[in-house]
Amino acid sequence: MMKNVGGTDRVVRVILGVALLSLFYFLPGYWKLAGLISLPFLITGIAQKCAINQMLGRNTCKIR
């Protein structure tokens, strides 16, 4: 799978992932599970590969 996440898209994914991950530490009880929503954002932002972008034919990475 080729890289298809880059530039602003990547920065937004990583920042959103870190922000949602902070919910895991600040929310009580079962609400901590809401922080796990951050994992796909962090993984796709760091790895620069997103299966949904590939299915939609989107590519925000300038390097081919």
Side-chain angles (χ1 to χ4, degrees):
M1 188 159 141
M2 293 176 46
K3 292 182 179 181
N4 59 9
V5 176
T8 307
D9 188 19
R10 181 178 184 199
V11 171
V12 169
R13 286 174 190 254
V14 171
I15 290 174
L16 186 61
V18 170
L20 288 172
L21 188 62
S22 69
L23 294 176
F24 187 77
Y25 295 104
F26 293 118
L27 294 178
Y30 286 111
W31 285 103
K32 286 186 174 211
L33 296 177
L36 296 179
I37 295 170
S38 68
L39 294 179
F41 291 109
L42 283 173
I43 291 169
T44 58
I46 293 170
Q48 293 182 313
K49 298 175 184 176
C50 179
I52 295 174
N53 277 358
Q54 185 179 13
M55 288 188 303
L56 295 175
R58 285 186 56 204
N59 188 353
T60 58
C61 187
K62 301 217 185 309
I63 299 172
R64 304 265 172 170

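Values reported hereafter were calculated over all heavy atoms of this structure, with side chains retained and with hydrogens, waters and symmetry mates removed. Bear in mind the structure is a predicted one, so any value in this text is a computation, not a measurement. Nothing fancy with the numbering, it's 1 onward along the sequence.
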Heavy-atom closest pair, residues [X] and [Y]:
X	Y	result
Val5	Thr60	CA-OG1, 3.4 Å
Asn4	Gln54	ND2-N, 3.4 Å
Phe41	Ile37	CD1-O, 3.6 Å
Gly17	Ser38	O-CB, 3.0 Å
Met2	Lys49	O-CG, 4.0 Å

Task: Note, Asn53 side chain near Asn59 side chain (heavy atom, < 4.5 Å) - done: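 Answer no - side chains too far apart.
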Open item on the list: For the CG atom of Leu36 and the CG atom of Leu23, what is their distance to the nearest 0.5 Å?
Closed with: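 Here the interatomic distance stands at 10.0 Å.
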Task: Gap separating the CD1 atom of Ile15 from the CG atom of Leu42, nearest 0.5 angstrom - done: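 The distance works out to 11.0 Å.
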Open item on the list: Taking atom CD1 as the centre, does Ile52 end up with more than 12 heavy-atom neighbours from other residues, nucleotides or ligands that are less than 6.0 angstrom away?
Closed with: no
Open item on the list: Membership question, hydrophobic clusters at under 4.5 Å side-chain separation (ILVMFWY): are Trp31 and Leu20 in the same one?
Closed with: yes
Open item on the list: If hydrophobic clusters are built by linking Ile, Leu, Val, Met, Phe, Trp and Tyr wherever their side-chain heavy atoms come under 4.5 Å apart, do Leu56 and Met1 end up in the same one?
Closed with: no
